[in-house]
Amino acid sequence: MKTLINRRKFLQGGIAASAAATVSLAKKSQAAHFEGYPDSMGVLVDLSRCVGCRSCEAACNQEQNLPTPEKPFNDFSVFDEMHHGQKRRTDETAYTVVNRYDVPGMDHPLFRKIQCNHCQEPACLTSCFVNAYTKTPEGAVIYNADVCVGCRTCMVACPFYIPTFRYSSAFHPRIMKCIFCYDTRLSKGKPPACVEACPQEALTFGRRNDVLNMGRQRIRENPDKYEDHIYGEHEAGGTAWMYISPAPFDKVGMDTTVPKEPILNFVKDFLAIVPMVLTIWPALFTGIHLLATRKDKLEQSKKTEGEV
Amino acid sequence: MTINPKAVLAAAIVLLAGTLPTTGLALEQLDAPETVTIDAISKLYGPVEFSHKRHSQLARCKDCHHHTTGQQDMDPNCIRCHANSPEKMVVSCKDCHTKKMFYPEQVTATDNPNLYHIDKPGIKGAYHLNCIPCHVKKNAPSGCEGCHAMTDAGKKMFRTDVKGKAEGAKHHE
């Protein structure tokens, strides 16, 4: 019967020991929940108002100097497009897209705009090991292509599948995502281009707290018209862009399984172990190795002595 | 907004009539302008020549002017304060709905703790949110260009120069 510890079991033991050693430490190091910058801005998207005119898409394309679209923005056949069985998503040519949803029991379709939701505690930001992302006091999650190494971890980390990669450019690959029009508008006190273009004011821009209150008021005064929920108030720990809807959120393509706490909370404990592993393990295992091979070395030196 | 001479005359009559007891009386549709040119926010789309006369025959004053024309607004929520609101000196949309929606002045308006209407639409929202549902209901034009033609600036933004799916993937850079 083999009772030898194989390498996998040994490593598992090592991880468990390190984890046990750091759990108490990690608990202590856990920062208090970040409530977001005071007076940071937000947008309330009211799906009962959106008519699918795509003005937001057009305005975004113009404001952000994005590539020429395949179809003009007043071409509504895009709502019938399916890509790999999915409705349109943000990509390197579009920071925002509008999709149409036929909700059972409703006599008209609903339209939903997607873009970066600008999380209060963004998963993209926390997952980025070169700090290419910044959450600005105004509420925008912006990106610095100069330091980005193109690892695309942020694309995996984002619970809303928003950041995309510019694969088409061999020389200037970078993450492409909505930046809340930070450079050109938000930092100057202006609303983002999509908001200003929306004819229906389906996008209401204001301080996050204010637009939350507006959302609550609309729901309270029209209980038959809206679902009693503001998507993004708590999802992923709270987002700057939030939605109210006349239909259940999963019927308009929104992920209702997104946790109500920042994605960061799920990896905080693990991330606290990483420095421990990187600093203690090499020394520990070098020591074990030296001890284990010490006998052999001694014997070898005796042998060589005998030969002389 | 341009107002035709008839409207000026009508307004004068209203002002003169202002000395009369007005309790229970409301602005009459005759007092109103025949057409209103809506061009305050015209940029991507051209101005709208709005036939006020025609619309006043299809809808009640309060459907668009809320409580300002002296017609009692029956919306149970509005009536809490506006049950006896008299007609106002100003009834034009732009007198209450701002053109500079979502700019700092409007964004910080909620600092006033006494402000009840924290969610009042700007002028663009007021028009579209009020016009479109009625147009849909009455089978009137409800697409963008049914009411206003796209301007050159609009065509540029909507990239109407792009014709369908481009042949061969067009890559930038």
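Note on naming: letters A, B, ... go to the chains in the order of the sequence lines (proteins, then strands), and numbering restarts at 1 for each one. What you see below is based on every heavy atom in this structure, not just the backbone, and it leaves out hydrogens, waters and symmetry mates.
- The contact between Ile132(B) and chain A is made entirely by side chain atoms (from C-beta outward), counting heavy-atom distances below 4.5 Å.
- Only the backbone of Leu203(A) comes within less than 4.5 Å of a heavy atom of chain B; no side-chain atom from C-beta onward does.
- Between chain B and the residues Ala58(A), Ala59(A), Ala170(A), Pro199(A), the largest count of heavy-atom pairs under 4.5 Å involves Pro199(A).
- Within residues 98-120 of chain A, no residue has any heavy atom under 4.5 Å from a heavy atom of chain B.
- Gln62(A) contributes atom CD, which lies 5.5 Å from atom NZ of Lys156(B) (distance to the nearest 0.5 angstrom).
- Taking the side chain as every heavy atom from C-beta outward, Phe102(B) and Thr204(A) approach each other to under 4.5 Å.
- Looking at Glu196(A) and Tyr103(B), their side chains do bring a donor and an acceptor atom within 3.5 Å of each other.
- Heavy atoms only, all atoms of each residue included: Pro104(B) and Gly189(A) are closest at CD-O, 3.2 Å.
- Note that NZ of Lys155(B) is 10.5 Å distant from CG of Asn74(A), once rounded to the nearest 0.5 Å.
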The test is side chain to side chain contact (heavy atoms under 4.5 Å, CB included); show your working for Glu70(A) and Val162(B) and say whether it passes.
CA-CA 7 Å; Glu70(A) 284 192 351; Val162(B) 180; 6.0 Å; no
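- Under 4.0 Å is where a charged nitrogen must lie from a carboxylate oxygen, and between Asp111(B) and Arg207(A) at least one such pair does.
- Looking at Glu201(A), its side chain does come within 3.5 Å of a backbone N or O of Gly122(B) through a donor-acceptor pair.
- Scanning both residues, Thr110(B) and Asp210(A), for their nearest heavy atoms gives OG1-OD2, 2.7 Å.
- For Ser142(B), no part lies near chain A; criterion is any non-hydrogen pair under 4.5 Å.
- The minimum heavy-atom distance linking Ala197(A) with Met157(B) is given by the pair CB-CE, 4.4 Å.
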